[in-house]
Amino acid sequence: MKNKLVADLLYQIADLLDIKGDIFFKTRAYRIAAQTIEVLNEDIEVISKEDRLKDINGVGEALSLKIKEFLDEGKLQYFEKLKKEIPAGVLDLLNISGLGPKKVSILFNKLNILNVEQLKIACIEGKLRNLDGFGEITERNILRGISLKEKTSGRILLNIAYETCMEYIRYLKKYDNIDKISMAGSLRRMKETIGDIDLIVTSDYPNDVMEYFIKYSKVKTILQKGKTKSSVLLKDNNIQVDLRVVEDKSYGAALQYFTGSKEHNVKIRGISIKEGYKLNEYGLYTKQNGTYTVGKTEKEIYEKLKLRYIEPEIRENRGEIEAAYLKKLPKLVKYDDIKGDFHIHSNWSDGNNNIEELALYSKKLGYKYIGIADHSESLKIANGLNSRKIGKKIEEISRLNSRLSDIEIFCGTECDIKKNGKLDYNKDALKKFDYVGIAIHSSFRSSKNDITNRIISAMQNEYVDYLAHPTCRIIGRREPIDIDLEKIFETAVETNTYLEINSFPDRLDLNDLNIKHGKDIGVKFIIGTDSHNINHLNFMRYGIATARRGWLNKEDILNTYSIEKIKTIFRRDKRYG
DNA sequence: GCCGTTTTCGGCCCGACTGTTTTCAGTCG
């Protein structure tokens, strides 16, 4: 499947044309086509061979020829030419918050700025302020955007790392000489961003495993290759993957050692010493004469140290070791505990799929229910629903509910919170929904007091069920909004408002620390994917991981409940009484 | 660029906000 590759090509062309100053509707056409191809279920190569490219919505004469050339030749002349006109570093500038194609174009053409580093220097030297449309504040904003990007630079989003890793594991599993295999490191702990991918395998033939490991078709560079450890750099995304081969009797010890976190391990090793052992990546050895005691599984190591087994997601030295000793570890929510998803956008607003497609795919995931929460009226860009359309959407959902079995569809909304804290829909409109999610989509930089009060007053609305992506952060692009989370948590408890754990990989909002803190105060949560097409529904895994990192158990999360219980919560007396 | 015609051109979701200006361009969602 080269669908993703083709989509990326079209996205890049759109960016390049934007910087060149081509008309908006042309670049938009490229992006629409890219988006469609990205989520296409059918293999684009098959479609191309059968000469059906033009049947794809958004692909016409010109694009079909370009896609065909790219698939047949392995590259596209048009794209190669564009890349010569605009260096790759200039494209990077688009990823800085506050910079769009027009400004980037000026920076490139007037100041000959070719990359982020040069831009940073130019800002510090005050060279931008004299350009048309730029000023001192622009310089400061750009510097802020660059530093935000630097903070996460070199780190990959969780979903990219996870998918890349699973693909590598599938390749390795095909090899007979590998027995056990697992990911380790921050990826196994499911941190929101990942530095590199660590893999641990057991085998009696380490040398052969190393050979097989580096022969993977996506390897770009072999960084090192030894007897038991090798590192490679992957094509496309430049991710580093480290592989370690250990004996079976050391498998658990190696996993424990390489999963981390560093802080967790330091403390565990301290406990080992106190208990008369020495712990390293090969096993737990007695201090006295260095004999091997255990090491085959992580569980037996923890148990030998008088601790309960600690799940990887919470190994951060945030109290888990003490809790493991006192037998007070939370029973973390499991990846298959989730029974549905309430944050899904359909093609009634800005989603790519219709409700039936979403429902059928959700059924495949084993869900019992889903909720379609399209945008509200004022979010015109996202094609927000006006009150007339709400009725029609409800009719469609009830038709589907009577036709489809084993899955129930709820009609919800992601209602915009206006600047004054009022909701985008009035009471009569809100009443029509099965449930109401609320969210902020503008004025992120208001004062802490204003924005906190704005959210609190929205939460106090009697029709509101949950607050979506509470801090509005975008990892690597936007800092969380400055809010008084303590007050938000208190209001959530008072008003029975569930707080969302948004599973979209660049959001993961609330984050692990917020969640843990909220739980201590008594907050209840809901995990939503913010899906805009059926593939996004799979992001649920990352929301669950974040919930686990926040120490949540099943009972803390709305969408683990039975459908009957959900209905009583959505129809609580205060609303309909 | 695509699409759909009253079919070969004209329309294509647009409003809020910011920082620049002094009436508006660029960015964001």
Side-chain angles (χ1 to χ4, degrees), chain A residues 6-7 9-37 53-67 76 78-79 82 93-107 123 128-145 148 345 347-352 374-386 389 414-420 424 439-447 450-451 454 468-469 472-474 477-479 481 504 506-507 530 532:
Chain A
V6 171
L9 171 81
L10 299 180
Y11 280 129
Q12 286 187 62
I13 293 177
D15 284 344
L16 289 165
L17 292 176
D18 260 342
I19 294 174
K20 278 189 71 178
D22 224 317
I23 58 164
F24 167 72
F25 292 109
K26 182 167 161 184
T27 58
R28 199 185 63 155
Y30 273 89
R31 291 200 175 91
I32 290 172
Q35 214 180 350
T36 315
I37 291 166
L53 284 171
K54 279 201 273 186
D55 291 350
I56 300 171
N57 216 348
V59 177
E61 184 67 30
L63 282 185
S64 70
L65 287 173
K66 288 192 172 80
I67 294 168
L76 175 65
Y78 178 70
F79 179 56
L82 278 174
L93 302 182
L94 283 177
N95 291 323
I96 293 165
S97 173
L99 283 184
K102 296 283 160 51
K103 286 210 163 77
V104 168
S105 171
I106 293 171
L107 291 170
C123 281
L128 271 61
R129 62 187 65 174
N130 299 322
L131 297 168
D132 275 353
F134 289 74
E136 285 182 48
I137 299 175
T138 323
E139 280 174 354
R140 276 205 298 280
N141 283 344
I142 291 175
L143 279 175
R144 189 167 57 193
L148 182 62
H345 297 269
N347 61 359
W348 279 91
S349 65
D350 60 347
N352 295 120
D374 282 305
H375 288 290
S376 63
E377 192 159 8
S378 74
L379 222 63
K380 304 281 184 200
I381 175 71
N383 196 22
L385 261 67
N386 58 31
K389 281 191 182 164
E414 181 181 355
C415 184
D416 196 45
I417 303 172
K418 295 201 266 196
K419 204 172 175 181
N420 59 8
D424 195 25
I440 280 187
H441 295 102
S442 62
S443 298
F444 299 115
R445 282 198 216 153
S446 310
S447 74
D450 284 356
I451 205 154
R454 175 181 172 196
H469 45 73
C472 301
R473 69 142 171 197
I474 310 277
R477 272 193 76 82
R478 186 167 66 212
E479 292 282 8
I481 50 175
F504 219 84
D506 63 2
R507 286 192 185 267
D530 215 339
H532 286 70

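Because the structure is predicted, anything quoted here is derived from the model rather than measured. Every chain is numbered from 1, with letters handed out A, B, ... down the list of sequences.
Annotation: of the two residues near DNA chain B, S443(A) and V104(A), the 5′-most nearest-nucleotide partner is S443(A). Taking for each of N57(A) and T138(A) the nucleotide of DNA chain B with the nearest heavy atom, the 5'-most of the two is the partner of N57(A).
Taking atom C1' in both dT6(B) and dT18(B), one finds a spacing of 43 Å when rounded to whole Å. Across the C1' atoms, dG29(B) and dT22(B) are found 27 Å apart, a figure rounded to whole Å. Taking atom C1' on both dG1(B) and dA16(B), the two are 28 Å apart, rounded to the nearest angstrom. Nucleotides dT20(B) and dG15(B) are separated by 25 Å at their P atoms, to the nearest Å. Separation of the C1' atoms belonging to dC28(B) and dC13(B) is 14 Å when rounded to the nearest angstrom. Nucleotides dC14(B) and dT7(B) have their P atoms positioned 24 Å apart, rounded to a whole Å. Straight-line distance between the C1' atoms of dC3(B) and dT8(B): roughly 12 Å, to the nearest whole Å. For the P atoms, the distance linking dC17(B) with dG11(B) amounts to 29 Å, nearest Å.
Aromatic ring pairs are classed by plane angle as parallel below 30°, tilted from 30° to 60° and perpendicular above 60°; the pair Y30(A) and Y78(A) is parallel. Between H345(A) and H532(A), the ring planes are parallel. Angles under 30° get that label, and only those over 60° would be called perpendicular.
Here the side chains of T36(A) and N352(A) are not in contact, with every heavy-atom distance at 4.5 Å or above. Here the side chains of L65(A) and K54(A) are not in contact, with every heavy-atom distance at 4.5 Å or above.
Figure legend: K103(A) and F134(A) shown as a cation-pi pair, the cationic atom lying under 6.0 angstrom from the six-membered ring centre and within 45 degrees of its axis.
Taking only side-chain atoms of I137(A), from C-beta outward, the nucleotide of dG19(B), dT27(B), dC17(B) with the closest atom is dG19(B). In the set dT20(B), dC2(B), dC17(B), dC2(B) carries the atom at the smallest distance from any side-chain atom of A62(A). Each of dT27(B), dC2(B), dG29(B) was ranked by its minimum atom distance to the side chain of K103(A); first place goes to dT27(B). Checking dC2(B), dT27(B), dC12(B) against the side-chain heavy atoms of F25(A) singles out dC12(B) as nearest.
Residue-level contact check: K418(A) touches neither bases nor backbone, having no heavy atom under 4.0 Å from any strand. Nucleic acid contact class of I32(A) (heavy atoms, under 4.0 Å, all strands): none. Within 4.0 Å (heavy atoms only), N141(A) reaches sugar-phosphate atoms of the nucleic acid but no base atom.
Between L107(A) atom CG and dT27(B) atom C1' there is a gap of 14 Å when expressed in whole angstrom units. At whole-Å resolution of the value, CG in L128(A) and P in dT20(B) are 11 Å apart. Nucleotide dC17(B) holds its C1' atom 14 Å from the CD1 atom of I440(A), rounded to whole Å. Following rounding to the nearest Å, I23(A) (CD1) and dC9(B) (C1') show an atom-to-atom distance of 13 Å. Separating the CD1 atom of I417(A) from the P atom of dG29(B) is a distance of 16 Å, rounded to the nearest angstrom.
Partner assigned to dA25(B) is dT18(B), using Watson-Crick or G-U wobble distances below 3.5 angstrom.
Surrounding CG of D132(A) are at most 12 heavy atoms belonging to other residues, nucleotides or ligands under 6.0 Å away.
In this structure S446(A) satisfies the side-chain hydrogen bond (donor to acceptor under 3.5 Å, both in side chains) test with no other residue, sequence neighbours excluded.
Taking 4.0 angstrom as the limit, Y78(A) places a side-chain polar atom (N or O) nearer than this to OP1 or OP2 of dG1(B). Phosphate proximity of dG1(B) to R31(A): absent, as no side-chain N or O sits under 4.0 Å from OP1 or OP2. The side chain of K66(A) contributes an N or O atom lying less than 4.0 Å from OP1 or OP2 of dG1(B). Side-chain nitrogen and oxygen atoms of R478(A) include at least one within less than 4.0 Å of the OP1 or OP2 phosphate oxygen of dG29(B).
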